[in-house]
Amino acid sequence: MTLGLTNCRILNKGKLVSADVLIEEGKIKKIGTFSAADRVIDCKNSILLPGLIDSHVHMREPGFDYKEGFVTGSNAALKGGVTTFLDMPNTKPPTVTVAALEEKRILAKKCAVNYGFYFGTSVTNIEEIKKAKNIAAVKMYLNETTGNMKTDNVDVLKAVINYSRLTAFHAEGKTVQTVLDVYHKYRHNGNKLYFCHIARKIEIDALKKSDAYVEVAPHHLFLTENDVKRLKGFGSMKPPLAKKSDQAALWDGIKRGIVDTIATDHAPHTIEEKKSSVPPYGVPGIETMLPLLLDAAHTQKLTLTDIQRLCCENPAQIFRMKGKGHIAVGYDADLTLIDPKKKTRISNETIVSKCGWSPWHGKVLKGSVEMTIVNGMIGYKEGQFFKTQGREVMFE
Ligand code: DOR
Ligand code: ZN
Ligand code: ZN
């Protein structure tokens, strides 16, 4: 079975060039004109990106599947042009043992897009960390947030950064510098750090001279503390929405190459939970990130090349994902077709995520996801969903 895409435009060294793409057995077989395919789709000059890689999501399985699940969450990913996601360990049970990881692996087989897993820390699980196979990174929570996984023990921190080739952190404010200090003093090898959802200027300032990777989330790029009044519990997240000056520092960090990835921190909670007197931290984002970024590209806050680097190429490289992140012969046929001019209206009524709401409800954005292809299979096209089968990512 071959699939041919004609009249696409793809990014080449910052310029859009016309191309046809031939897909065979889930891989990109040819870029350039091809003679025949079992199915041909005319892309009518829309722009083809590598499928987006969302390196930070909470799909909530097992344990919290009343909020989200691998089926609903991966369908939301399809709608958002995301073909691969990395799932966080704050589930029930938490992913801090090999047994819990294997249980999650079985559950994730239902995914419509590709997936990988983070492995969490506890004070006592360093041996489990050593046994865990094919994980994206070890995730360490140094602040209180959803899931009670805080392990702010310096000995664990030292052990993890020395053992794990990549450690991802939930670290807010001054804690970022604390981690960097421990890393610089006690790390004995080439292992790297990845700071999740960097939200404030002081964090950017601490990170700008370091070689640690920096992730930012759409909610911190497109919302500020001024929105909390309107959003109430729906605007509650960790790290919290910050000041306009913090937001400006994130955009500046994108411009100056300090920021390495944009990832959603897709963290769905039910409407009832968010309306309660103690709303849990977190907002959904996997189906709205790309339209928000395309809209920002129109106002020159970033370029399409930036989006491709931050949401496709860099995550593939940082997490060493085999066959992902590029439109190139031999790579996996994970592809996202976008129309930069077509409008997207975000509405709670059309949210695919099980939570059924978005902090951007009512927004009309310039830019839309037209089609999402996973492993050579069309999963989403112009509002309709089709059956695809996601696979676990292989980390090199
Ligand atoms: O807002 C957040 N929600 N921040 C986190 O660190 C966790 C996440 C969740 O799991 O709900
Ligand atoms: Zn976090
Ligand atoms: Zn998170």
Side-chain angles (χ1 to χ4, degrees), residues 51-95 100-101 103-118 120 136 139 146-147 196-197 215 217-219 234 237 262-271 273-274 280-292 311 315 319 334 336 346-360 369 372-375 377 379-380 383-393:
L52 271 72
I53 298 169
D54 187 346
S55 34
H56 189 152
V57 311
H58 300 264
M59 290 307 189
R60 306 296 192 207
E61 270 196 77
F64 302 102
D65 51 352
Y66 66 95
K67 301 179 200 258
E68 188 69 291
F70 284 119
V71 172
T72 49
S74 64
N75 277 325
L78 280 178
K79 186 178 161 201
V82 171
T83 54
T84 300
F85 67 79
L86 299 180
D87 190 54
M88 284 294 172
N90 59 340
T91 43
K92 197 165 78 187
T95 319
L101 175 65
E103 180 192 0
K104 192 177 265 191
R105 271 202 169 109
I106 291 166
L107 293 167
K109 286 186 193 296
K110 308 182 285 242
C111 281
V113 303
N114 302 313
Y115 51 88
F117 307 105
Y118 285 88
K139 171 73 181 281
T146 311
C196 298
H197 47 47
E215 172 198 277
H219 40 271
F234 295 92
M237 71 213 49
I262 305 178
T264 63
D265 197 3
H266 178 71
H269 297 284
T270 67
I271 291 174
E273 289 171 328
K274 292 301 257 180
Y281 305 118
V283 291
I286 202 165
E287 64 198 278
T288 48
M289 172 166 73
L290 185 50
L292 284 162
C311 301
F319 295 93
D334 292 341
T336 297
I346 299 177
S347 162
N348 291 346
E349 281 71 56
T350 53
I351 286 293
V352 170
S353 164
K354 199 180 269 182
C355 71
W357 64 274
S358 163
W360 291 284
V369 177
T372 308
I373 296 177
V374 180
N375 304 323
M377 296 170 276
Y380 175 82
Q384 278 190 289
F385 291 86
F386 304 93
K387 177 102 188 87
T388 51
Q389 179 59 61
R391 279 200 292 263
E392 185 175 351
V393 178

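Computed over heavy atoms, backbone and side chain alike; hydrogens, waters and symmetry mates excluded.
Atom-to-atom distance recorded for M377:CE and F386:CZ is 13.5 Å, nearest 0.5 angstrom. Atoms OH and CG, from Y281 and D265 in turn, are 13.5 Å apart once rounded to the nearest 0.5 Å. If you take CD1 on I106 and CG on L101, they are separated by 10.0 Å, rounding to the nearest 0.5 Å. In this structure, CG on D65 lies 5.0 Å from NZ on K354, to the nearest 0.5 angstrom. The distance from atom CG of D54 to atom OG1 of T84, rounded to the nearest 0.5 Å, is 10.0 Å. Once rounded to the nearest 0.5 Å, the distance linking CG of N75 with OH of Y380 reads 11.0 Å.
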Assess the residue pair S74 and Y115 against the criterion (side-chain contact (heavy atoms from CB on, under 4.5 Å)); give the C-alpha distance rounded to whole Å, side-chain angles, the decisive distance to 0.1 Å, and a yes or no.
CA-CA 9 Å; S74 64; Y115 51 88; over 6 Å; no
Worked check of side-chain contact (heavy atoms from CB on, under 4.5 Å) between T388 and V113:
CA-CA 7 Å; T388 51; V113 303; 5.6 Å; no
Run the side-chain contact (heavy atoms from CB on, under 4.5 Å) test on Y118 and L86 for me, step by step, so that the C-alpha distance in whole Å, both residues' side-chain angles and the decisive distance to 0.1 Å come before the verdict.
CA-CA 7 Å; Y118 285 88; L86 299 180; 3.5 Å; yes
Tell me, with the steps shown, if I373 and T83 meet side-chain contact (heavy atoms from CB on, under 4.5 Å).
CA-CA 7 Å; I373 296 177; T83 54; over 6 Å; no
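Using bins of under 30°, 30° to 60° and over 60° for the plane-to-plane angle, the ring pair H197/H56 lands in the tilted bin. Between F85 and F70, the two ring planes are parallel [angle under 30°; tilted spans 30° to 60°].
Put simply, the side chain of E68 does not reach to within 4.5 Å of the side chain of H58, judged on heavy atoms. Residues C355 and K274 fail the side-chain proximity criterion, which asks for heavy atoms closer than 4.5 Å. Inter-residue side-chain proximity for L292 and W360 is flagged as met; some heavy-atom pair is nearer than 4.5 Å. Within the 4.5 Å cutoff, the side chain of V352 has heavy atoms near those of the F385 side chain. The closest side-chain heavy-atom distance from W357 to T270 is not below 4.5 Å. The closest side-chain heavy-atom distance from P359 to M237 is not below 4.5 Å.
The two residues I271 and G356 come nearest to each other via the heavy atoms CD1-O, 3.9 Å. Pairing each heavy atom of L290 with each of G80, the nearest pair is CB-O, 3.6 Å. K104 and E61 get closest at one heavy-atom pair: CE-O, 3.3 Å. Minimum interatomic distance between I262 and P218 (heavy atoms only, all atoms of both residues): CG2-CD, 4.3 Å. Smallest separation of non-hydrogen atoms from I351 and S358: CD1-CB, 3.7 Å. When every heavy atom of C311 is checked against every heavy atom of M289, the shortest pair comes out as SG-CE, 4.4 Å.
Of the possible donor and acceptor atoms, one in the side chain of D87 sits under 3.5 Å from a partner among the backbone N and O of M59. D334 places a side-chain N or O within 3.5 Å of a backbone atom of N375 that can act as its donor or acceptor partner. Between the side chain of Q389 and the backbone N or O of K109, at least one donor-acceptor pair lies under 3.5 Å.
Donor-acceptor pairing under 3.5 Å is lacking for the side chains of H266 and R60.
Cation-pi check for K92 over F64 is met; the charged atom lies under 6.0 angstrom from the ring centroid and within 45 degrees of its normal.
Environment of CZ in R391: sparse, with no more than 12 heavy atoms of neighbouring residues, nucleotides or ligands closer than 6.0 Å.
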